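Quick caveat, the model's predicted, so the values are computed rather than measured.
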Protein chains: 2
Amino acid sequence: MASQTEENYLKALFNLANSAGEVNISELSTQLQVSMPTVNSMVKTLQKNGWVIYQKYKPVQLTPAGQKTAAMVIRQHRLTEMFLVNKMGFGWEEVHAIAEQVEHIHAPKFFERMDELLGYPTIDPHGSPIPDKMGRMKETHYVSLADCEAGQNVVLAALTNSSTDFLEFLNSRNLSLGTQIAIHSKEAYDQSMVVSYLENSKETLSEKVCEKLLVRIIGE
Amino acid sequence: MASQTEENYLKALFNLANSAGEVNISELSTQLQVSMPTVNSMVKTLQKNGWVIYQKYKPVQLTPAGQKTAAMVIRQHRLTEMFLVNKMGFGWEEVHAIAEQVEHIHAPKFFERMDELLGYPTIDPHGSPIPDKMGRMKETHYVSLADCEAGQNVVLAALTNSSTDFLEFLNSRNLSLGTQIAIHSKEAYDQSMVVSYLENSKETLSEKVCEKLLVRIIGE
DNA sequence: CAGTTTTGTTAGACTAATCTAACTTATTAC
DNA sequence: GTAATAAGTTAGATTAGTCTAACAAAACTG
Ligand SMILES: [Mn+2]
Ligand SMILES: [Mn+2]
Ligand SMILES: [Mn+2]
Ligand SMILES: [Mn+2]
């Protein structure tokens with residue numbers, strides 16, 4: 001059974017993997033906030049335990065077992081976030097830190113019950129997909145609001161970043177998943193956008209914000 | 001902040017403390033299933049961190065800080081058990097192992113929300129008292145069924161042991177907290193008791209079982 | 001109270017996870 | 001294609017939590 005530390009490495013590997021499934025030591029080091037020698041030594045341990053494939057000076061790759069375990073931890077994280085929001089009344093900006101801890105609980109039935117009580121959700125409160133029990137997750141094909149054009153109508157579907165600060169910013173602007181947004185204009189100078197949604201009309205969103213909003217286009 | 005290991009030692013100390021608040025090294029060793037040298041070394045660490053008072057060859061005592069932290073961990077354990085049973089549909093025999101893990105989550109709001117959703121319960125699914133946020137818990141004064149007399153009517157209020165095996169035994173006999181029990185007779189030879197409750201009439205309960213059932217006497 | 005048993009301590013070793021300092025390999029930039 | 005920079009590795013140390021073996025103190029017991 002993977003230790004809590006190992007689980008965190010597997011999760012990071014899963015999230016950082018490029019199209020070839022490869023992750024560099026330095027990326028892991030940054031993501032997990034530990035030194036490169038620590039990563040180097042841990043990666044050897046992960047290999048010894050069958051979670052990754054690794055050769056000196058080469059990027060790291062998850063084995064199928066590693067992928068499965070990583071997906072389950074991510075599943076438990078996202079189910080927990082969903083449970084906290086939908087069943088316990090937390091705000092979407094409060095749940096990540098709690099889920100970081102709850103995801104490591106070893107009790108399959110606990111998460112099965114959450115899943116059941118939630119009605120088998122496929123996305124978490126931030127729009128990220130929840131892997132199923134086989135570790136598979138639904139493909140999503142959202143586009144960044146920053147890449148949309150003036151005149152388009154879109155629906156906010158997910159976020160590329162779910163930091164508390166960003167979520168609190170969205171709360172303050174009354175923006176949540178499912179909000180329908182009309183794009184009025186896009187400023188050529190700084191790429192900021194003027195948009196309307198709900199009661200908010202002609203709100204300006206900076207490029208920094210638009211980049212992090214993933215949307216589904218529903219019309220011109 | 002106490003580590004998960006430290007929290008388990010504090011909890012054990014709280015539960016094992018005699019009337020003078022003292023616990024022997026060997027009791028801790030047995031309870032926690034670690035060697036006496038391990039306990040000896042850990043107790044020194046606990047003292048260094050201000051959780052216990054300790055002198056060579058003397059029993060260990062929790063400091064006020066130690067008592068408070070222990071009570072909070074026990075509170076989180078019991079709230080979790082209650083939440084799992086009342087809000088998530090688990091059986092009372094399934095929840096202890098999960099609660100052993102959940103109790104170590106550092107997220108006061110998580111447990112506050114449980115408490116709120118449960119309506120501020122004062123006992124857990126096994127009848128054990130839940131410490132309040134100050135670490136105080138309601139005094140209970142139950143008596144063991146084994147100490148009752150033939151002819152008495154009692155209500156099952158709590159258990160001295162909540163092992164899965166024992167709880168499954170009680171399930172098989174249709175016994176749960178709140179069940180009203182009439183005592184018909186007590187066998188002088190083996191201290192077993194013949195009792196009736198609900199649809200079960202003239203059930204025989206061994207001394208071993210009766211000792212573990214805590215009851216409130218409601219009449220002759 | 002002397003002998004035995006139980007309880008507790010010390011010493012020394014091990015594993016997991018981390019660090020810093022120093023060195024090596026690989027990549028990037030003229 | 002060398003020189004500089006970035007990425008990765010090795011070596012050695014540290015801390016938390018555990019163990020066994022050996023010894024010491026305390027508690028029982030006849
Ligand atoms: Mn999250
Ligand atoms: Mn999320
Ligand atoms: Mn319990
Ligand atoms: Mn309980």
Below 3.5 Å, can you tabulate the donor-acceptor pairs from side chains in residues 134-141 of chain B to any protein atom, sequence neighbours excluded?
from: B:R136; atom 1: NE; to: B:D132; atom 2: OD2; distance (Å): 3.1
from: B:R136; atom 1: NH2; to: B:D132; atom 2: OD2; distance (Å): 3.1

How many Å lie between CE on B:M42 and P on D:dC19, as a whole number?
-> 12 Å
Give a yes/no answer on whether the side chain of B:Y9 brings an N or O atom under 4.0 Å of OP1 or OP2 in D:dA16.
-> no
List for me each residue that meets ring-ring contact (aromatic ring centres under 6.0 Å, His included) alongside B:H96, sequence neighbours excluded, and say none if there are none.
-> B:H77
Tell me yes or no: between the side chains of B:E81 and B:H126, is some donor less than 3.5 Å from an acceptor?
-> yes
Expressed in angstrom and rounded to an integer, what is the separation of A:L32 atom CG from C:dC19 atom P?
-> 10 Å
Between D:dG17 (P) and B:L46 (CG): distance, integer Å = 9 Å
For B:N8 and D:dA16, what is the distance between atoms CG and C1' respectively, to the nearest whole Å?
-> 14 Å
A:L28 CG to C:dT18 P, in whole Å, measures 12 Å
Identify whether any heavy atom of A:S35 sits under 4.0 Å from a base atom; if not, whether one sits that close to sugar-phosphate; answer base, sugar-phosphate or nothing.
-> base
Could you go over nucleotides 7-10 of chain D and give all protein N or O partners under 3.5 Å, atom names and distances?
from: D:dG8; atom 1: OP2; to: A:S26; atom 2: N; distance (Å): 2.6
from: D:dG8; atom 1: OP2; to: A:S26; atom 2: OG; distance (Å): 3.2
from: D:dT9; atom 1: OP1; to: A:Y54; atom 2: OH; distance (Å): 2.1
from: D:dT9; atom 1: OP1; to: A:Y57; atom 2: N; distance (Å): 2.9
from: D:dT9; atom 1: OP2; to: A:N40; atom 2: ND2; distance (Å): 2.3
from: D:dT9; atom 1: OP2; to: A:Y54; atom 2: OH; distance (Å): 3.2
from: D:dT9; atom 1: O5'; to: A:N40; atom 2: ND2; distance (Å): 3.0
from: D:dT10; atom 1: OP1; to: A:K56; atom 2: NZ; distance (Å): 2.9
from: D:dT10; atom 1: OP2; to: A:K44; atom 2: NZ; distance (Å): 2.6

Show me the donor-acceptor pairs within less than 3.5 Å that the side chains of residues 143-150 of chain B make with the rest of the protein, sequence neighbours left out.
from: B:S144; atom 1: OG; to: B:A146; atom 2: N; distance (Å): 3.2
from: B:S144; atom 1: OG; to: B:C210; atom 2: O; distance (Å): 3.4
from: B:S144; atom 1: OG; to: B:E211; atom 2: O; distance (Å): 3.3

side-chain hydrogen bond (donor to acceptor under 3.5 Å, both in side chains) against A:W92, all qualifying residues, sequence neighbours excluded = A:N171
So does B:T38 get a side-chain nitrogen or oxygen closer than 4.0 Å to the phosphate oxygens (OP1/OP2) of D:dC19?
-> yes
Rounded to whole angstroms, how far apart are CD on B:E22 and C1' on C:dT7?
-> 15 Å
Which part of the nucleic acid, if any, lies within reach of A:T5 when heavy atoms closer than 4.0 Å are counted: base, sugar-phosphate only, or nothing?
-> sugar-phosphate
Could you tabulate the donor-acceptor pairs under 3.5 Å formed by side-chain atoms of residues 67-75 of chain B, not counting sequence neighbours?
from: B:T69; atom 1: OG1; to: B:A65; atom 2: O; distance (Å): 3.1
from: B:R75; atom 1: NH1; to: B:P131; atom 2: O; distance (Å): 3.1
from: B:R75; atom 1: NH2; to: B:D115; atom 2: OD2; distance (Å): 2.9

